[in-house]
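Just so you know, ligand 1 is whichever comes first in the structure, and atom 1 is the first atom listed for that ligand.
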Amino acid sequence: MILILKKSASQEQVEQVISRLELLNLSAQLISCGQTPTVAIEDDVSKIASHVFSQIPGVDKVIRVQSQAKLSLTSEFQPISVGSHDSEIQIGSGLEPVFAAGPCSVEGQAQILRNARLAKEAGAQILRGGAYKPRSSPYEFQGLGAEGLRYLHEAKKASGLPVLSEVTSPAQVEEAESYVDILQVGARNMYNYELLKELGNSRLPVLLKRAMSATISEWLNAAEYMVSAGNQKIILCERGIRTFETQTRNTIDLNAVAVLKRSSTLPVFVDPSHGTGRADLVADLARAAIACGADGLVIEVHENPAASISDREQAISPEAFKAIVDDCRRIHAALNFRQNAPALKAPALELKV
Ligand code: PEP
Ligand code: MN
C-alpha cells in the first residue's frame with residue numbers, strides 16, 4: 001500500500017504518520033520526501049479497512065497497489081518542461097492545459113513550415129508531425145524518416161515551437177533526439193519493450209500512447225519500463241481503444257483518464273483525432289477530455305485537411321483547432337475554480353490500480 005501525504009505535510013507530520021503505522025505493527029518506509037511525501041507499506045494490509053489509513057492526519061490519498069507499476073504511480077510529481085526559455089511550457093502543472101497540434105505526417109519541407117506557423121497562430125504550444133509512420137498497410141505512405149525529422153527541426157527553429165515526433169525502433173532514438181523535443185511511442189509500439197528500454201535512457205520526455213487493446217495496468221507497466229530506467233518524463237496519452245463499435249475508428253476511454261489522474265503522478269494527454277477518427281467529433285471529445293482532467297491534447301491539424309496524405313478523415317483546420325483551444329481553456333479555468341473551492345475538495349481516496 002502507498003500513502004500519499006498532503007503536499008503541505010511537515011517533517012513532523014510525516015514522522016507522526018510513520019509512528020501511527022508502527023502502532024498498527026506495520027513497517028512503513030518513506031519513499032519520496034520532496035513536495036509530495038509518499039510512504040510505502042510492504043506488509044499485507046488486505047484485512048485493514050482503507051479508512052484506517054485515510055483518517056491518519058496528513059494523509060491525502062490511499063493507494064492499494066495491485067499493479068507492479070509502483071514508480072509510475074508514486075514517483076515524485078514534477079511538471080515536465082519542454083522548449084527553450086522564451087517558449088518554455090510546463091506539462092502537467094495543473095495550471096493550464098497544453099495543446100500539441102500539427103499534421104499526421106511531415107509531408108515535405110514547405111508543408112511542415114506552413115503548418116507550424118498556422119498551428120502556432122491557432123494556439124498550439126507543441127508542433128506534432130510524424131516522420132516515421134507506422135501504417136496499418138505497407139502500401140500506405142510510410143513517412144519521410146530522417147529527412148522528415150530534419151524538416152521538423154527547421155519548423156521548430158522557424159516557429160519557436162517545441163516538436164513531438166514518433167520513433168518506431170531503438171535505432172532511431174539517438175538521431176531523433178537531436179531534432180525533436182518530445183519522442184512519441186505510438187499505440188502499435190507500446191509493447192515494443194526494446195524501444196521502451198532505449199527511451200528509459202533518453203534525456204527527452206516521452207509521450208506514450210496507449211495500445212489499442214492495452215489495459216490501464218499494461219499501459220502503466222510500459223511507462224514503468226522507462227521510469228524505472230531513469231526517465232521520469234513520461235506523458236501518458238489516451239488515443240482510443242478498440243471496441244465493438246464501428247461508427248468511430250476507436251473509442252476514447254475517458255474512464256482511463258479519470259483513473260490515472262487519481263492514481264498516477266504522470267501527466268495524461270488525450271488524442272481525440274485517433275480516438276474518434278472523425279473530424280466532426282474531435283471538438284466534442286477534446287472538450288470532454290479537458291473536463292475530465294486531461295493535462296493536454298494532441299490534435300491532428302492540417303492546412304487543408306482534405307489534402308492530408310495520411311489520416312485525412314480526422315484532420316481538422318487551424319480555425320477549428322483555435323475554437324477548441326478557446327473552449328478548452330474556458331472549461332479548464334471553470335473547473336479549476338471548482339476544485340479549488342475548499343468545500344468541494346475530495347476526501348482521501350482509495351485507489352485500486
Ligand atoms: C500518430 O500519432 O500519428 C499515430 C500513428 O498515432 P497512434 O499511434 O495513436 O495510432
Ligand atoms: Mn495520424
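Nearest N/O/S atom of Glu300 relative to the Mn ion (ligand 2): this is OE2.
Taking atom 8 (O) of ligand 1 as the reference point, the nearest protein heavy-atom neighbour is Ala187 N, 2.7 Å. Closest protein heavy atom to atom 4 (C) of ligand 1: His274 NE2, 3.4 Å. Nearest to atom 2 (O) of ligand 1 among the protein's heavy atoms is Arg128 NH1, 2.8 Å. In terms of protein heavy-atom proximity, atom 6 (O) of ligand 1 is nearest to Lys209 NZ, 3.0 Å.
Listed by number with element, the atoms of ligand 1 under 4.0 angstrom from any heavy atom of Glu300 are 3 (O). For ligand 1, the atoms closer than 4.0 angstrom to any heavy atom of Lys133 are 1 (C), 3 (O). Each of the atoms 8 (O) of ligand 1 lies under 4.0 Å from some heavy atom of Gly186. Close approach to Arg239 involves these atoms of ligand 1, each under 4.0 Å from a residue heavy atom: 7 (P), 9 (O), 10 (O).
Remark: ligand 1 and Arg188 share an N or O pair separated by less than 3.5 Å (distance only, no angle test).
The Mn ion (ligand 2) forms the vertex of an angle spanning OD2 of Asp311 and NE2 of His274; to the nearest 10 degrees it equals 90°.
Residue Val39 forms a side-chain contact (heavy atoms from CB on, under 4.5 Å) with just one option from Ile2, Leu21, Val59, and that option is Leu21.
Residues Thr248 and Arg278 have side chains that never bring a donor and an acceptor to within less than 3.5 angstrom of each other. When only modelled atom types and interatomic distance are considered, His302 and Glu107 share a side-chain donor-acceptor pair under 3.5 Å. Donor-acceptor pairing under 3.5 Å is recorded for the side chains of Ser81 and Gln90. Side-chain contact of Asn250 with Thr276: a donor-acceptor pair under 3.5 Å is absent, judged by distance alone. A donor-acceptor pair shorter than 3.5 Å can be found between the side chains of Thr168 and Gln172. A donor-acceptor contact closer than 3.5 angstrom is absent between the side chains of Asn221 and Glu218.
Side-chain contact between Cys328 and Arg287 is present, with heavy atoms from C-beta onward closer than 4.5 Å.
Using a non-hydrogen distance threshold of 4.0 Å, Arg210 does not register as a contact of ligand 1.
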